[in-house]
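A quick note: this is a predicted structure, and the numbers were derived from the prediction, not measured. The chains referred to below are lettered A, B, ... by the order of the sequence lines, with proteins before strands, and numbering in each begins at 1.
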Number of protein chains: 2
Amino acid sequence: MKVGTAALTVDAAGMRAQNSSLLLNMIWRERQISRAEIARRTELSPSTVSAIVADLEHSGLVRSIGAGVSRGGRRPTLIGFRDDAFSILGVEMGATHVSVVLTDLRGRVRTHRSAAQQVRNDPEGTLKTVRTLVQECLDAERVPRRSVVGLGVAAPSPVHPSAPGKMSPLILPAWRGYDVREALSTTFDLPVFVDNDANLGALSECYWGAGTSGEDLTYIKLATGIGSGHIIHGDVYRGAGGTAGEIGHIAVDSAGPPCLCGLRGCLVTLIGSGALVERARELMGTKGRKAPTIREIVEGARAGDPAARQIIDGLGQYLGVAVAGLLNLLNPAIVVLGGEISSVGDLLLDPLRASVRKRALSTSMAETRIVTSALGDKSIAVGAATLVLQAALRDRTLFPLQHVGKTA
Amino acid sequence: MKVGTAALTVDAAGMRAQNSSLLLNMIWRERQISRAEIARRTELSPSTVSAIVADLEHSGLVRSIGAGVSRGGRRPTLIGFRDDAFSILGVEMGATHVSVVLTDLRGRVRTHRSAAQQVRNDPEGTLKTVRTLVQECLDAERVPRRSVVGLGVAAPSPVHPSAPGKMSPLILPAWRGYDVREALSTTFDLPVFVDNDANLGALSECYWGAGTSGEDLTYIKLATGIGSGHIIHGDVYRGAGGTAGEIGHIAVDSAGPPCLCGLRGCLVTLIGSGALVERARELMGTKGRKAPTIREIVEGARAGDPAARQIIDGLGQYLGVAVAGLLNLLNPAIVVLGGEISSVGDLLLDPLRASVRKRALSTSMAETRIVTSALGDKSIAVGAATLVLQAALRDRTLFPLQHVGKTA
DNA sequence: AAAACTTCGTTCGCACTGCGAAGAAACCAG
DNA sequence: CTGGTTTCTTCGCAGTGCGAACGAAGTTTT
């Protein structure tokens, strides 16, 4: 189990691990597939495929699920992935809440819990809440610790690749000294993976949403803050310091209002939830002085309220400036918009696309699809679980098998 | 030699190929290293290392170069990479010239030729010029075709990953129907690799310039056009449609002048060579109405001419807007500025860094170094050759060995 | 100067892997 | 029911990396 820095060498065992991983991924993707078909696609010999499938079957990750249709001879035995073989925990730490999901190996939510929690200034309380909710999820489904692959965490902060678990001292100063990974890993005795929330939203879309086949994708989270995450070559791209995707602080209007970060006209100051709500209070009838919620803006826009429509239009236009820059620089295949406000769909996409078209090269536009997320409000937490799934599908040893190596 | 789509399977031969590649790269990087040291670093067994090195030695890529210093026992035999074992051709197609280099396996230029050539509207003439220059380079060094690994081409156009060789119909409409790769590959009977010029500038920096150890890097080419290239995980990143890095058409000033591309305030309209020269004519003494050249601006700035300094300052400020966006979105470890104007060094870097600091999150700034290129005017052509080198170091079979497989 | 120790590189048998040929099993078509 | 087809397994083979043992070539100690 070499985990050295350079170690990319292969020996006989590594060869098996690699091919085994390839097959496992193929079976997972196809849901059901015969040995013969696997052999054809991978160009591995039938004998090798049989041997590896036997291994996988023995470890409980796949199983035979009856016969398929004949192609003019003996009917193939279909192999299926056992989605329920293990569970995965996903945690979302939002700005004002914590939410936990327990999923199977297909990203389906089996149980979920959430609670209001001030995350920004209360690390101790947040960790306690997370622990409680996680335990509740485990208890609710009577899931033994043994059958949990790991725990993924979505944090509202950039995460440095070399120190996952530590929060950014600039974004979450109160978390100085805390290590989320460390803390939860010791509590539950599980592998813990931490990443930025927008990155995990992107991963979620890549696996369960708009990402059809692992193409490069960018996810933009429209909420209190504006964040984005990139999937490049099937992997979350984090940049040199883990801050790739901080689209919220791109300056789109040099004459705009000042931002907490010290700049002017940041995207977040113009289209963050706070700004939208503020704008709504100005434009919409302020019944009793109470500021409307994002949900009300969404409903208003759907109902045809001109003020709400106007807010969405403005959002689309500003966002278009940033997205145009994104397309020119990165040229992703898909851009997905998430966050509550994105549920207005075309009402947002139309002005956005128009704004982008005015600003991006037509070559980069032509190949890029811009869509809104179809995943629900648990997409970030599910994305956190997906981070674990992705790691395990690549390295089978992460599955908590009884390690029945044939040597034993 | 499986080159299928999915094929990532490994058999015994693939295992050897992979380990062999690893060693080859290590020897290339270290220049000289003993078998024992290789074994320690790779965690391969000494016997395996010896066997593979024998293979490589037999193929002429490496050789023994005497003994190293003892570590308290027998002195190690140092193995060195034979930089001169093969040659590589690199071609730069600029806006108004074509330039060809013949390099060794260490990026050193052995011969070079260049000629004025209108590339944009004259595909036929351009290809002819390229053929002539390449042949001249080969003749000058009496290099037999057999010892050339391949030919790399830097094109002033985005290159679509699925059709390298075809130019973008929007940028170079006159090239419709031409396939550079096809054309040159048949002429010289060599593998041909084509990529965008800025991408290859980035690759050049990654191998021979500011890129110290394969960190993520962005290169920005300041010339007639403004382009950029990203190196991610040691590889050129091309995006979904090959247009990643089109930084030149990012809008930095919504009130700016209209651009050929149809937008307003594109970076290129503000800091492209044309704009700089135009500005210079306004500010500097226009002796005899003749517009100054970029070179004159550089010299003026160095000599302390306030007008030239002012131009450079403006350049730095505008560029800073785009770079700030780049840092927030991609968070590279290094940003390298290339192109003739970048030779003013700190005179440009100071205002640029100040501009960036005003606009980028301090977290992404902290980890990013911004520098000017130290490579000469042949860096793009050398980058084209490097593309070939990179491919061959990964897949040894690209070296035109006499394929003396031990079976023969 | 000789002996003891250290490091380097090679040799050889072993275990494991994937492959290919052969064969058994299962199915379809006439 | 027979011939052809496809699926899957069995078994011997070739190639690979590993580990132990060994010789080679230095350095350090006696």
Side-chain angles (χ1 to χ4, degrees), chain A residues 1-2 7-23 27 32-58 62-79 396 405-408, chain B residues 1-2 7-23 27 32-58 62-79 396 405-408:
Chain A
M1 196 173 292
K2 302 174 188 174
L8 288 158
T9 76
V10 191
D11 59 359
M15 184 159 128
R16 181 52 155 261
Q18 218 165 307
N19 288 334
S20 175
S21 224
L22 187 77
L23 256 67
I27 297 170
Q32 50 182 48
I33 188 170
S34 69
R35 292 174 175 82
E37 184 62 24
I38 293 176
R40 276 189 294 269
R41 293 202 201 173
T42 59
E43 296 181 28
L44 258 60
S45 74
S47 44
T48 302
V49 172
S50 277
I52 295 179
V53 167
D55 261 22
L56 293 175
E57 199 164 6
H58 186 252
V62 308
R63 75 171 151 213
S64 298
I65 47 168
V69 295
S70 164
R71 305 198 328 159
R74 174 173 166 179
R75 294 163 63 191
T77 321
L78 294 179
I79 308 297
R396 214 181 81 192
K406 48 181 59 176
T407 5
Chain B
M1 196 172 291
K2 303 175 187 172
L8 287 157
T9 75
V10 192
D11 59 358
M15 181 160 129
R16 182 52 158 262
Q18 217 164 308
N19 288 334
S20 176
S21 227
L22 187 77
L23 258 66
I27 297 171
Q32 50 182 47
I33 188 170
S34 69
R35 293 174 175 82
E37 183 61 25
I38 293 176
R40 276 191 294 269
R41 293 203 200 172
T42 60
E43 295 181 30
L44 260 65
S45 74
S47 43
T48 302
V49 172
S50 276
I52 294 179
V53 167
D55 262 21
L56 293 175
E57 199 164 6
H58 186 252
V62 308
R63 74 170 152 212
S64 298
I65 48 169
V69 295
S70 165
R71 303 196 332 158
R74 173 176 168 177
R75 294 162 63 190
T77 322
L78 293 181
I79 308 296
R396 215 181 80 191
K406 48 180 58 177
T407 4

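- Distance A:D11 CG to C:dG18 P: 12 Å, rounded to the nearest Å.
- In this structure, B:N19 does not reach the D:dT16 phosphate: none of its side-chain N or O atoms is under 4.0 Å from OP1 or OP2.
- Taking only side-chain atoms of A:R16, from C-beta outward, the nucleotide of C:dT17, C:dG9, D:dC8 with the closest atom is C:dT17.
- Taking 4.0 angstrom as the limit, A:R35 places none of its side-chain polar atoms (N or O) nearer than this to OP1 or OP2 of D:dT6.
- Checking A:A67 against B:R74, the closest nucleotide of DNA chain C that is more toward the 5' end is the one next to B:R74.
- Here the CG-OG1 distance, from B:N19 to B:T48, works out to 7.5 Å after rounding to the nearest 0.5 Å.
- Expressed to the nearest 0.5 Å, how far CG of B:L56 lies from CD1 of B:I27 amounts to 5.5 Å.
- Taking OG of A:S64 as the start and CD1 of A:I79 as the end, the distance is 4.0 Å to the nearest 0.5 Å.
- Going from atom CD of B:Q32 over to atom P of C:dC8 covers 15 Å, rounded to whole Å.
- The nearest whole Å value for the distance from the CG atom in B:L22 to the P atom in D:dT16 is 16 Å.
- Proximity of B:R40 to the phosphate of C:dC8: a side-chain N or O atom is located under 4.0 Å from OP1 or OP2.
- The line from CZ of A:R35 to CG of A:L23 is 10.5 Å long, rounded to the nearest 0.5 Å.
- One can place CD1 of A:I52 at 15 Å from C1' of D:dC8, the figure rounded to the nearest angstrom.
- OP1 or OP2 of D:dT7 sits under 4.0 Å from a side-chain N or O of A:R71.
- Distance B:M15 CE to D:dT16 C1': 4 Å, rounded to the nearest Å.
- Across the interface with DNA chain C, nearest-nucleotide mapping of A:T48 and A:R75 shows A:T48 to be the residue nearer the 5′ end.
- Positionally, the nearest nucleotide of DNA chain D for A:S70 lies more toward the 5' end than for the other of B:A51 and A:S70.
- Using a 4.0 Å heavy-atom cutoff across all strands shown, B:V49 reaches no nucleic acid atom at all.
- The interatomic distance linking A:E37 (CD) with D:dT7 (C1') rounds to 12 Å, in whole Å.
- Considering only side-chain N and O atoms, B:S47 lies nowhere under 4.0 angstrom from the phosphate OP1 or OP2 of D:dG17.
- The distance from atom CG of A:L78 to atom P of D:dT7 is 11 Å, rounded to the nearest whole Å.
- The separation between A:Q18 atom CD and C:dG18 atom P is 10 Å, rounded to whole Å.
- Taking CG of B:L78 as the reference point, atom CD of B:E37 lies at 10.0 Å (rounded to 0.5 Å).
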